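Chain letters run A, B, ... following the sequence lines, proteins first and then strands; every chain starts at 1. Given the structure is predicted, the values throughout are model-derived calculations rather than measurements.
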There are 2 protein chains.
Amino acid sequence: MMSINEVAREAGVSIATVSRVINNSGAVRASTREKVEAAINALGYSANRLARNLRTSESRLILVLVPDYSNTFYAGIVQGIDGEARRRGYHMLLCDTGADPDAERTYIELLKNRMVDGAICLDPDSVQSLLGEQPRALPWVACCEFDPDSGIPWVGIDNARAAADAVRFLIGRGRRRIAMIGGDERFMYAHERRRGYLTALAEAGLTPPQGSPLDTFSPDFDDGYRLAARMLSVSPRCDAIFAVADPLAVGAMQAVHDAGLRVPEDVAIVGFDNVPFATMVRPRLTTVAQPMKRLGENAARVLIERLNDPELPVSGTMLEHDIIVRESA
Amino acid sequence: MMSINEVAREAGVSIATVSRVINNSGAVRASTREKVEAAINALGYSANRLARNLRTSESRLILVLVPDYSNTFYAGIVQGIDGEARRRGYHMLLCDTGADPDAERTYIELLKNRMVDGAICLDPDSVQSLLGEQPRALPWVACCEFDPDSGIPWVGIDNARAAADAVRFLIGRGRRRIAMIGGDERFMYAHERRRGYLTALAEAGLTPPQGSPLDTFSPDFDDGYRLAARMLSVSPRCDAIFAVADPLAVGAMQAVHDAGLRVPEDVAIVGFDNVPFATMVRPRLTTVAQPMKRLGENAARVLIERLNDPELPVSGTMLEHDIIVRESA
DNA sequence: GCAGAAAATGTAAACGTTTACTTTGCTGTG
DNA sequence: CACAGCAAAGTAAACGTTTACATTTTCTGC
């Protein structure tokens with residue numbers, strides 16, 4: 001295999017000089033630089049990163065832990081991470097943990113044995129605690145799922161406020177019996193959004209309709225349909241449904257339709273996340289949008305900055321949400 | 001930083017013995033093994049993979065090149081790759097190329113400088129050719145987008161046959177004026193599916209309705225709507241639409257509805273890929289399913305087997321597609 | 001033209017493993 | 001009892017870089 005030695009011989013210089021040319025470090029005469037660059041091109045040389053990694057003890061790789069990347073919501077975040085990381089000379093190791101603490105243990109190995117420089121974790125608390133319990137503090141940041149008091153840098157939105165805003169929007173449109181379909185309570189987003197929902201109702205002197213909120217472990221279409229159908233069968237019937245994820249909302253929309261009712265006239269619906277298919281259903285889904293790409297970019301930026309300067313104070317970044325008003329509410 | 005030396009000292013053996021214990025290689029007495037393992041646990045030692053990588057000149061990393069990560073169709077494939085790779089002790093570096101040859105150049109660097117052992121490419125031909133033009137043949141396999149004659153191992157489905165089957169299904173249901181909405185012709189899948197469409201029509205002595213097939217660079221809901229609307233305005237009107245991607249099909253469905261027509265009675269619709277939201281629209285979408293997870297698993301398996309034995313003959317693997325009959329056709 | 005400073009280049013060690021080769025210690029055999 | 005043979009352990013080189021330090025070359029001002 002070709003190495004820096006061949007280049008040095010070809011160019012008639014020492015390997016130190018070749019290294020300096022590659023890294024733009026130290027002083028090297030223009031004429032020498034040209035000789036070396038010519039040799040590099042002639043030989044098609046490319047520095048072995050395995051060796052460089054060992055010597056500099058950094059891999060310029062970051063680990064991204066995702067609970068389930070067939071969930072389209074994470075795609076935007078991951079794109080943000082990928083883009084920002086690349087701009088800063090890093091690459092991304094992506095792992096689907098299935099929100100399973102055991103599976104995650106394997107990945108923490110990667111961090112311990114220096115295969116990656118740091119990690120971004122989108123997993124719930126239960127999984128994140130594993131990262132925290134490591135003897136030597138490992139460099140990582142929490143994204144979307146976070147605990148402001150944990151001493152771990154985080155990036156996310158104010159889920160309680162976002163949910164409250166969504167509910168206030170419904171109240172502003174005259175709705176009074178607002179039901180909620182909640183998510184897996186292992187996730188912080190689920191209980192924060194529930195909290196926001198209850199706060200907004202309380203502010204307006206309202207109470208949740210009977211049976212609300214209803215939770216589900218799998219925030220998908222089928223559960224949205226099922227739970228909404230159950231909610232529609234109680235009397236007095238709710239006049240709005242706030243769902244903590246778009247697939248749930250779309251399922252609920254279908255349930256309303258199948259019950260012979262109209263969206264939004266009889267039951268208004270608001271979702272959460274603004275996934276692509278929110279505009280592919282009729283009526284189009286009103287939903288709370290998170291700045292997914294920017295969440296990812298910020299997480300990557302925070303992590304890489306900490307990598308470069310471990311003494312940096314731990315910071316939390318709260319990004320703004322946005323209510324996208326369409327036709328379903 | 002702790003290294004194998006500390007473990008060796010703690011256990012009172014040489015570093016070679018520690019290495020043998022870690023790797024289960026060579027002969028080591030049971031009592032010695034225990035001493036070493038005790039030392040490893042006491043110190044919380046974990047072998048530095050950067051060093052191991054350099055010494056063994058392998059990273060156990062595979063690069064996965066995806067044209068667009070937010071396209072839900074790729075998520076299943078990537079999950080398949082990830083799962084299979086992990087079972088075999090590999091991890092996955094995921095990169096979103098945006099189907100852009102220039103962006104991909106960066107990633108080929110990773111292959112050249114030994115940062116990754118091999119690659120799986122889901123990108124179109126135009127991008128793949130970059131991988132091929134490298135001086136030293138790089139280990140990679142093509143997935144979904146492939147050219148059987150290129151001498152590169154591949155995994156995919158028979159897109160022409162799958163499209164033909166879909167069209168035959170429509171013909172079998174009595175449809176005669178079957179229009180098609182095609183994709184970006186830079187992608188092999190797009191022209192193969194078009195070929196299959198034309199073949200099936202020809203078999204039955206039919207010709208494409210006027211204006212069909214129509215192509216689009218962005219196979220999304222909006223373009224599906226736009227192109228279907230155009231198709232519906234010509235007379236005699238088509239009685240079926242075959243779309244090469246589900247978002248296109250869903251858009252077409254909406255266009256049919258907005259034109260005051262019914263799916264499937266007036267216009268039947270068949271999509272392609274069986275993405276999750278195919279069951280979230282009404283009527284549910286009839287579509288051609290690819291075994292996404294198995295495609296990914298096979299690609300990973302083929303690549304890793306070649307990594308272990310570079311002399312392996314180049315092979316192509318054709319997986320079966322499946323027509324999922326729902327209500328839209 | 002020369003001392004001394006500054007710039008350019010070279011030398012060699014180090015990063016933490018794996019592994020070929022060597023050494024040690026033991027067992028069984030003739 | 002000498003010694004072949006083998007198992008177990010150790011020694012040291014190698015992987016391909018980066019970089020501290022040493023050395024050589026070039027430049028500057030007088």
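- Between the base of C/dT17 and the side chain of B/Arg55 there is no donor-acceptor pair shorter than 3.5 Å.
- In this structure, the CE atom of B/Met115 is 14 Å from the C1' atom of D/dG16, given to the nearest Å.
- The side-chain heavy atoms of B/Leu94 and A/Val64, taken from C-beta on, include no pair separated by under 4.5 Å.
- Shortest non-hydrogen contact noted between A/Ile304 and A/Ala85 is CD1-CA, 4.1 Å.
- In terms of heavy atoms, B/Leu61 sits closest to B/Tyr90 at N-CD2, 4.0 Å.
- The listed nucleotides are D/dT17, C/dG10, D/dT11; the one nearest the side chain of A/Ala16 is C/dG10.
- Mapping B/Ala51 and B/Val13 onto DNA chain D by nearest heavy atom places B/Val13 closer to the 5' end of the strand.
- Using a 4.0 Å cut-off between charged side-chain N and carboxylate O, A/Arg301 and A/Glu305 make a salt bridge.
- Rounded to whole angstrom, the span from the CD1 atom of B/Ile4 across to the C1' atom of D/dA12 amounts to 14 Å.
- A heavy atom lying under 4.0 Å from DNA chain C marks the following residues of residues 18-30 of chain A, by number: A/Arg20, A/Ala27, A/Val28, A/Arg29.
- A/Leu50 has its CG atom 14 Å from the C1' atom of C/dT18, to the nearest Å.
- Between A/Ile40 atom CD1 and D/dG16 atom P the separation is 16 Å, expressed in whole Å.
- For B/Arg87 and B/Glu84, the salt-bridge test passes: some basic side-chain N is under 4.0 Å from an acidic carboxylate O.
- Counting to the nearest Å, the P atom of C/dG16 and the OH atom of B/Tyr45 are 10 Å from each other.
- OP1 and OP2 of D/dG16 both lie 4.0 Å or more from every side-chain N or O belonging to A/Ser3.
- Following rounding to the nearest Å, A/Arg49 (CZ) and C/dC15 (C1') show an atom-to-atom distance of 17 Å.
- Here B/Ile15 lies in heavy-atom contact (under 4.0 Å) with a base.
- Using a 4.0 Å cut-off, some side-chain N or O of A/Thr17 falls inside it from OP1 or OP2 of C/dG10.
- Rounded to whole Å, atom P of C/dG10 lies 13 Å from atom CG of A/Asn5.
- Neither OP1 nor OP2 of C/dA8 sits under 4.0 Å from any side-chain N or O of A/Thr32.
- Closest of all the heavy-atom pairs between A/Met115 and B/Ser59 is CE-O, 3.6 Å.
- Between the P atom of C/dA13 and the CG atom of A/Leu54 lies a distance of 17 Å, rounded to the nearest Å.
- No side-chain N or O of B/Asn298 forms a donor-acceptor pair with one of B/Thr317 less than 3.5 Å apart.
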